[in-house]
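See below for the structure under consideration.
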Amino acid sequence: MPMTHARRPLAGAIFLALCATSAAQEARLAPVVVTATRTEQAPYDIPAAIDVAATPPDGSLDVNLSERVQAIPGIVARDRQNYAQDAQVSIRGFGARSTFGIRGVRLYTDGIPASMPDGQGQVSHFNLDSADRVEVLRGPFSALYGNASGGVVQLFTADGTDPPELRFGVAGGSNGNLRASVNARGVEGPVDYNIDFTHFRTSGYRDHSAARRESGNAKIGWKIDDDAKLTLVVNTLDVPDAQDPLGLTRAQYQADPRQVAAAARTFDTRKSADQQQAGLIYDQRIDDADSLRVMGYYGQRGVTQYLSIPVATQVSQPGNSGGVVDLSNEYGGGDVRWTWRDTLAGRPFELAAGVAYDNQEQHRQGYENFVDDTLGVRGKKRRDEIDRVFDFDQYAQATWRVADDWTLMGGARHSEVRFRSSDRYVAPGNPDDSGTVRYAATTPVFGVLWRAAPWMHVYANWGRGFETPTFSELGYRADRGPGLAFDLKPSHSRNAELGLKLRPAEGMEAGLALFRADSDDELAVATNLGGRTTYQNIARSRRQGIEASFKDELTNDLHVVASYTHLQASFRTPFLTCVSAGCPAPDTPVQAGTRIPGVPRSVGYAALRYGATGGWQAGIDVSAMGATPVNDLGSESAPGYALFGLSGGYVFDQGPWRVNTFARVDNVADRHVVGSVIVNDGNGRYYEPAPGRTFLVGVDVRWR
């Protein structure tokens, strides 16, 4: 879009100084995005908060999602330094309560769900080395993706390139970190491809936290003719025996942040995961107005995890599930979507409508984590059940440019989620826990965009969302009776957002969003007893705040990016909860106004980068996070912090070769900080320390 204002590098410099900025990401105008509207659109023209991370930060390992999205406001992705547990991801406070896996946020890779129908997902199989971009959608329009859509994170694999490219990269540094990857992408006639394999291993910052992860991803497209294309996406993941150091109490963290809880060594806590998944996408342009997209996928995922549940607890409680979790999953589904682009009343109009089906069948088994006097090994069986959950959704979404300066966007989704559990382990003291439960909801959304000026767009939107309990939360009843926790209700939310998108000068971009989400029946912990956690509904909760972002090209070689989020998340009604692992029933009051645990009040990031396409590169960055409450009572919090990083390198670009050498220092001041928290841990081990000062060096080679 042409600019009506001259460049103002001074304004960018002033903003940089005010934000105390520093380090590392190329600030360029965002490319087109598809997550908000399901068709390619410029984010500047969408009445919703959506941002894209298109390039990795300078000198990074680029193996964790947290590295990619740190410059995007509204999302918190914590690197737990614990590869036995998945990353913690929350958007505007949704998903922060999860202690394992990712909940409350929908995850996708190339349009294929990475979240199960019950709303629980993982990003461990996200292959960033082959990625083109990561899109993050916040606010009401994320509800159009169904259950647990507090926000949407979607990774897109890059298409094949012409001319073909072969890439190789290796990076290593502190704590035994090593990443090696090889990637091939190209075009051969009607076929384009992007094939990648990445190896990562670490000795871990903390004791008992070593891990290894192999990730493979392939995207192969076949252009059948000018109107049709078939795309195959295949990925695989292997994480064998990743050690779990568990969390630390505040006293343990202050004494030695690198230590582990004694139980981690006693029971050799660890986790193995392997996954294979394939998806097939068919795109067909029917005529000038109509197009069709059909997607189907299937996958398998196995998980074996050794926990630290004491032997006495397992022996004394007949209904205990043991200290070894063995899960085997088969999942799959599909999505069929029709899109119509034409005019309505003489103005551009677009309509997308479709149906989606997802199914997961999980064989859950539990075993004791001891045999005689030997601990940390698989013993007698204590649990055996087949759990199935599926959803069937219908959705429609429309965009209508009713005037040159006005665009309306709206839609609705009807979701039905069914759970079924078949208990195959019935014994004295462990009654039949079989049962079924069904949830359904319709979630409408509506938004409007006003092009107040070529350099300023104003938007507003409103919508409803919902989140069902996951199978993990339905598994046990608070009254200790048999069957699923049928009394749990899904959480329903009402979301509103007012935003401003600015392009005041060429190469400069800024955004501001005010948001509020009121939820009914928020899920929270009811009891912790014998390794079983039960849940309850809290009548009302609220999340509200402000997001700000800024990017500018101060000169051709100097770029700045900054973001800030202020979020107030609190329970609005009082309730009772437990404060210890042996609590048989909620007995401690939580006052209205108490902050929701896991949600920092403020998060900020700023980076300054120098470097052209070739030659010397340098950067400085700062990431900051406010204090984070760790339990429903709000009695403890992880302290806030600000960490600085430095990066540099040299890029050789000669003929078909491009060689990027780089080095990086994180946590320059060598501060001891808590990188992530384990919400409501029954043993008070809430804190997962982040590394002190770390170093990284590497090289990426590209041959065209």
Side-chain angles (χ1 to χ4, degrees), residues 15 19 21-36 42-44 46 48-58 60 62 64-79 87-96 102 104-108 123 126 128 131-139 141-142 149-156 459 497 499-502 508-515 543 545-552 559-567 599-600 602-609 619 621-626 643 645:
F15 188 94
C19 292
T21 62
S22 311
Q25 205 168 3
E26 190 171 318
R28 62 181 184 181
L29 295 181
V32 295
V33 293
V34 303
T35 303
Y44 189 57
I46 296 173
I50 182 168
D51 286 276
V52 59
T55 57
D58 289 344
S60 69
D62 203 26
N64 297 307
L65 181 66
S66 56
E67 299 171 276
R68 283 287 183 115
V69 301
Q70 55 190 336
I72 296 177
I75 181 172
V76 176
R78 298 177 184 262
D79 177 8
Q88 289 181 329
V89 179
S90 63
I91 293 181
R92 294 182 175 176
F94 288 98
I102 297 172
V105 176
R106 296 295 294 183
L107 307 169
Y108 291 84
V123 295
F126 274 23
L128 298 173
D132 173 61
R133 66 191 189 278
V134 177
E135 295 181 12
V136 179
L137 173 65
R138 291 100 63 205
F141 273 95
S142 61
S149 296
V152 180
V153 177
Q154 182 157 200
L155 178 143
F156 291 91
Y459 71 92
E497 179 181 45
L500 188 65
K501 301 184 180 185
L502 302 173
M508 184 185 294
E509 189 174 318
L512 185 70
L514 304 174
F515 60 88
R543 297 165 173 86
I546 183 171
E547 297 170 352
S549 61
F550 178 83
K551 300 177 184 179
D552 193 17
H559 310 277
V560 61
V561 58
S563 65
Y564 176 75
T565 304
H566 179 76
L567 175 60
V599 182
S602 58
V603 179
Y605 176 82
L608 182 67
R609 177 184 183 273
D621 63 77
V622 59
S623 57
M625 188 170 296
L643 302 178

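- Proximity of a side-chain donor or acceptor of K501 to a complementary backbone N or O of E509 within less than 3.5 Å is not detected.
- Listed by chain and residue number, L502, F550 satisfy the side chain to side chain contact (heavy atoms under 4.5 Å, CB included) test with A510 (two or more places apart in sequence, or in another chain).
- Here the closest non-hydrogen pair linking P600 and G626 is CB-O, 3.8 Å.
- Going from atom CZ of R78 over to atom OG of S90 covers 7.0 Å, rounded to the nearest 0.5 Å.
- For the atom pair OG of S142 and CD1 of I91, the computed distance is 7.5 Å after rounding to the nearest 0.5 Å.
- With sequence neighbours excluded, no residue forms a side-chain hydrogen bond (donor to acceptor under 3.5 Å, both in side chains) with T565.
- Residues satisfying the salt bridge (Lys or Arg N to Asp or Glu O under 4.0 Å) test with E547, not counting sequence neighbours, are R92, R138.
- With sequence neighbours left out, the salt bridge (Lys or Arg N to Asp or Glu O under 4.0 Å) criterion links R543 to E522.
- Taking both residues in full, the closest heavy atoms of V69 and I75 are given as O-CG2, 3.9 Å, listed atom of the first, atom of the second, then distance.
- Annotation for G104 and F94: closest pair O-CB, 3.9 Å, computed over non-hydrogen atoms.
- For the atom pair OG of S60 and CZ of R68, the computed distance is 7.5 Å after rounding to the nearest 0.5 Å.
- In plain terms, the two heavy atoms of Y564 and S602 that are nearest each other are OH-CB, 3.4 Å.
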Inset, instruction - For L65 and V134, run side chain to side chain contact (heavy atoms under 4.5 Å, CB included): C-alpha distance rounded to whole Å, both residues' side-chain angles, the deciding distance at 0.1 Å, then the answer. - result: CA-CA 9 Å; L65 181 66; V134 177; 4.2 Å; yes

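- Within the 4.5 Å cutoff, side-chain heavy atoms of F515 are placed close to those of L567.
- The shortest heavy-atom contact between V89 and A77 is CG2-CB, 4.2 Å.
- Applying the side chain to side chain contact (heavy atoms under 4.5 Å, CB included) test to L512 and every residue at least two apart in sequence or in another chain returns L500, I546, A548.
- Scanning for side chain to side chain contact (heavy atoms under 4.5 Å, CB included) contacts around T35 gives I50, E135, L137, Y145, V152, Q154, F156, with sequence neighbours left out.
- Scanning all heavy atoms of the two residues, the minimum distance from V32 to A42 falls at CG1-N, 4.4 Å.
- L155 has its side chain within reach of L128: a pair of non-hydrogen atoms, C-beta onward, lies under 4.5 Å apart.
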